[in-house]
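Okay, so here's the structure we're looking at.
Chain naming here is simple, since letters A, B, ... match the order of the sequence lines and numbering starts at 1 in each.
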Amino acid sequence: MSEQISTGGAQALTDQELARRENLRRIRELGVEPYPYRFEFSHRAADLRLMGEGKESAALRVLGTYSLAGRVVAFRGSGKTAFLNIQDDHERIQVYLRKDDDAQEAGLVLGQGDAIWPVVRSLDLGDFIGVRGVLMRTKSGELTLQAVGPNGFELLSKSIKPLPFPKVEETKDESGKVIGRKSFQSSLFTDIEARYRQRYADLAVNPEVANVFRLRTAMVQEVRSYLLEQQFLEVETPTLQAIYGGASARPFVTHHNALDIPLYLRVSNELYLKRLIAGGFDRVFEFVKDFRNEGIDRTHNPEFTQVEFYQAYADYNDMMVHFQAIWQRAAKTVLKLKARRSALARGVTPEALERECQAIQAGDVPLVYQGRELTTFFGQWERLPVKTALKRKGVDIDAMADDELQDLIKRNHWELDGTFTRGRAMMLAFEEMVEPDLWEPAFVMDHPLESTPLCKVHRADPTLVERFEPAIAGMEVGNSYSELNDPIVQRRLLEQQVERGRGGEDETHPLDEDFLRAMEYGMPPMGGVGIGIDRMAMLLTDQSSIRDVLLFPLQRPE
RNA sequence: GAUUCGGUAGCUCAGUCGGUAGAGCAGCGGCCUUUUAAGCCGUGGGUCGAGGGUUCAAAUCCCUCCCGAGUCACCA
């Protein structure tokens, strides 16, 4: 390690990193601080583009002076001038810098001449700069902020490691001749592992990735707005729990030192929200991170986000209404944002865009996932009782004896885990015969009694519970019950589950006496819902993997 | 857990039959005061994921391992 070039780590520096540190040294030598404290800016790139819309240079110039700050994402220097593309908030605008010592046009002199120009020449992609100047339009018509005056240019932060900016994409004709190239149009930092591990780099160079997360946030806000408008109270419940429950899942275990007790990261907040209903809050909701110590795949991450809400005096039918309304509202908001964002690129006029948004609001624009339309998404979602769905496939559960059901399983070479029960056989048949064909939104409802211990028995069929699991594009996107509130029955069901746990069955939970006590004091009838926020984001932003809607998906450490 | 594909320069990739590695962009030096694929001239850069084996010789063939992605299985 030399005194100037500290590696700051075990790995040797690349030639590019060394070059940037040399630039940094040179800038300091010029008396310029490469990491100043603040920069006052008047506008952002998106604002400037909006203001410059349809105006020529002469009209732009009289608008006055503007300033902006952002990251250098492209640099085209030519001797005593430079065109830069600056990105702020994932929007880009061109900036023009001139050495300008002998500029003819009064007032358009950068004005720092020899002093600042070496700093401009030492810029690297990824640096942050501030620019003050006037708007203009170049020969080719691109809106550009031209730096003017002694404060026209400031270095705000030096980048000493090259970002993985995409190379240009080439279009070739049959003979292999390059007939066109474009840069910064498409994401070409494609190493998927690096993108997840270094999300900051992914976001910095792939604005459309950042947009997915902006859409996700907008979506979450819509869900929250809906629930608040419906008089639900937002609450917070423990993440660290001495007894985990509310879902069948293996927990992460940790330890509290001062109390010297094991603690679990919650697998669900369900039992706490029900306690709150017992406590007299009639409508509560919570956005929660749940943690489940299970596998990772396209639709599962060990920590994931749900919104759960509980409503006193309601049942699962009421919850279906909320569920559909929330999804449709969030989807419309996301579709509108997508339309607005792409309007300029698509050449859509403001009037046409307004009509588009009205059509989206009216539900006339279909949601598309992975190239396939969800045609009934903005209509009434089908309510699909498991038994009814099977009957349509020629399997009438109620008309079949146990041995007939067992025969059905054997004939199809299905595998039933655990011991045979009619309910398990029914769900197996549903998964094998119905689920693969589910695409349009459907409330899969009225599951067998043994599927959950937290749900009320179906009012019309004692072998079922009042539960629904909505499926969209083949994905389970939530779960809801007419919540069980009979403490005697609840105790029996939970005790049975504990027994099964002792018998070695996976994924049961310990008996939560405190939860039972709350129910014994009296709990009103209620409907409860959990919505998987990550999967919702996948559906609405058209991403095929849950990792593409998580800013920092779990990765094995480097 | 099973299985398929992948890991080569900062990024994206090529690398034939085994003969000590290439391209574009990025970088570096030079020229250039309206570029936007900037252009022109010159130029540096590699523990080919790791380890072992076969061979005169391994990015390439074999074995083991690591990491990732996909598919299946698991998943109230």
Side-chain angles (χ1 to χ4, degrees), chain A residues 12-20 22-23 57 73-85 92 94-105 108-110 117 124-126 136-144 146 161-171 178-197 201 205 246-250 267-268 292-300 415 417-418 423-424 427 431 447-455 465 467 469 476 479 481 497 505-509 530 544-545 547 555-558:
Chain A
L13 293 172
T14 65
D15 59 335
Q16 298 196 42
E17 289 171 316
L18 289 168
R20 284 168 180 240
E22 176 56 25
N23 281 341
S57 280
V73 295
F75 186 96
R76 295 176 291 280
S78 74
K80 302 184 182 67
T81 69
F83 284 93
L84 289 68
N85 287 3
R92 290 173 176 181
Q94 179 163 274
V95 159
Y96 182 37
L97 305 174
R98 302 166 57 128
K99 193 172 178 208
D100 243 348
D101 288 322
D102 47 16
Q104 302 296 312
E105 303 164 278
L108 290 184
V109 180
L110 185 49
W117 200 247
D124 290 299
L125 295 188
M136 58 170 253
R137 220 166 257 288
T138 61
K139 272 198 284 202
S140 53
E142 178 157 354
L143 185 72
T144 302
Q146 178 178 352
K161 197 178 187 70
L163 278 164
F165 281 103
K167 75 163 194 173
V168 293
E169 188 176 45
E170 296 184 347
T171 318
V178 175
I179 55 174
R181 292 182 189 153
K182 53 180 182 175
S183 60
F184 306 116
Q185 301 300 309
S186 59
S187 156
L188 285 166
F189 172 43
T190 54
D191 180 332
I192 193 118
E193 178 184 355
R195 285 187 43 226
Y196 293 149
R197 287 195 192 283
V205 305
S248 165
R250 260 168 293 188
V267 296
S268 166
R292 299 188 181 172
N293 209 335
E294 290 164 358
I296 300 173
D297 65 26
R298 205 171 57 79
T299 56
H300 294 82
E415 263 180 64
D417 49 282
R424 278 184 186 166
M427 284 320 293
E431 282 158 23
H447 296 64
L449 194 61
E450 56 265 51
S451 73
T452 167
L454 299 168
C455 186
V465 286
R467 171 186 190 186
E469 277 187 307
E476 284 171 22
N479 193 12
Y481 311 141
Q497 197 178 46
E505 192 170 300
D506 259 356
E507 302 192 6
T508 53
H509 27 211
S544 63
S545 169
R547 294 165 162 228
Q555 295 279 110
R556 195 180 290 275
E558 278 179 271

Could you please name the partner base of [N], counting Watson-Crick and G-U wobble pairs only when both distances are under 3.5 Å?
N     : answer
B:U54 : none
B:U35 : none
B:G1  : B:C72
B:U43 : B:G27
B:A14 : none
B:G6  : B:C67

When the [atom1] atoms of [M] and [N] are compared, how many Å lie between them, rounded to an integer?
N     : M     : atom1 : answer
B:G19 : B:U55 : C1'   : 12 Å
B:A73 : B:A2  : P     : 16 Å
B:A50 : B:C66 : C1'   : 7 Å
B:U12 : B:G51 : P     : 23 Å
B:C41 : B:C5  : C1'   : 43 Å
B:U20 : B:U60 : P     : 13 Å
B:U16 : B:C61 : P     : 9 Å
B:G49 : B:C56 : P     : 25 Å

Looking for any heavy atom pair under 4.0 Å, which part of the strands does [X] touch: base, sugar-phosphate only, or nothing?
X        : answer
A:Arg467 : sugar-phosphate
A:Glu415 : nothing
A:Thr14  : sugar-phosphate
A:Asn23  : sugar-phosphate
A:Met136 : base

From the set [options], return the single nucleotide nearest to any side-chain atom of [X].
X        : options             : answer
A:Gln94  : B:A76, B:U33, B:U35 : B:U35
A:Ser78  : B:A26, B:A76, B:U33 : B:U33
A:His300 : B:A76, B:U35, B:C75 : B:C75
A:Arg76  : B:A76, B:A26, B:A38 : B:A38
A:Glu193 : B:U33, B:C11, B:C67 : B:C67
A:Thr144 : B:U35, B:U33, B:A76 : B:U35

In whole angstrom, what separates [X]'s [atom1] from [N]'s [atom2]?
X        : N     : atom1 : atom2 : answer
A:Arg298 : B:U4  : CZ    : C1'   : 17 Å
A:Arg20  : B:G10 : CZ    : P     : 13 Å
A:Lys80  : B:G30 : NZ    : C1'   : 13 Å
A:Asp297 : B:A2  : CG    : P     : 17 Å
A:Ile192 : B:G68 : CD1   : P     : 13 Å
A:Glu17  : B:G46 : CD    : P     : 14 Å
A:Asn85  : B:A37 : CG    : P     : 10 Å
A:Lys161 : B:G10 : NZ    : P     : 10 Å

Out of curiosity, A:Thr452 OG1 to A:Tyr481 OH, how far, rounded to the nearest 0.5 Å?
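Atom-to-atom, A:Thr452:OG1 and A:Tyr481:OH are 3.0 Å apart.
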If you assign each of A:Gly79 and A:Arg197 to its closest nucleotide in RNA chain B, which residue comes earlier from the 5' end?
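Nearer the 5' end of the strand: A:Gly79.
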I want to confirm an ordering. Mapping A:Phe83 and A:Asp124 to their closest nucleotides on RNA chain B, which one lands closer to the 5' end?
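Nearest nucleotide further toward 5': that of A:Asp124.
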Any side-chain to backbone donor/acceptor pair from A:Ser57 onto A:Met136? Under 3.5 Å, distance only.
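Flag not set: sc A:Ser57 to bb A:Met136 has no pair under 3.5 Å.
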Any side-chain to backbone donor/acceptor pair from A:Arg298 onto A:Ser544? Under 3.5 Å, distance only.
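Checked: pair present.
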Less than 3.5 Å between a donor and an acceptor, one on the side chain of A:Thr138 and one on the base of B:U35, is that the case here?
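Donor-acceptor pair under 3.5 Å: yes.
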Should the side chain of A:Glu142 and the base of B:U35 be counted as holding a donor-acceptor pair, with the cut-off at 3.5 Å?
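Side chain to base: no pair present.
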Under the ring pair (Phe, Tyr, Trp, His ring centres under 6.0 Å) rule, collect the residues that match up with A:Tyr196, sequence neighbours excluded.
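A:Tyr196 satisfies ring pair (Phe, Tyr, Trp, His ring centres under 6.0 Å) with no residue once adjacent residues are dropped.
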The criterion is ring pair (Phe, Tyr, Trp, His ring centres under 6.0 Å); which residues satisfy it with A:Tyr96, sequence neighbours excluded?
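So A:Tyr96 forms a ring pair (Phe, Tyr, Trp, His ring centres under 6.0 Å) with A:Phe83.
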4.5 Å side-chain heavy-atom contact, A:Glu450 and A:Met427:
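A side-chain contact under 4.5 Å is absent here.
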Minimum-distance pair of heavy atoms, taken over all atoms of A:Val267 and A:Arg250
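Closest approach of A:Val267 to A:Arg250, heavy atoms only: CG1-O, 4.1 Å.
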Does the side chain to side chain contact (heavy atoms under 4.5 Å, CB included) test come out yes or no for A:Thr14 and A:Arg20, once each step is laid out?
CA-CA 10 Å; A:Thr14 65; A:Arg20 284 168 180 240; over 6 Å; no
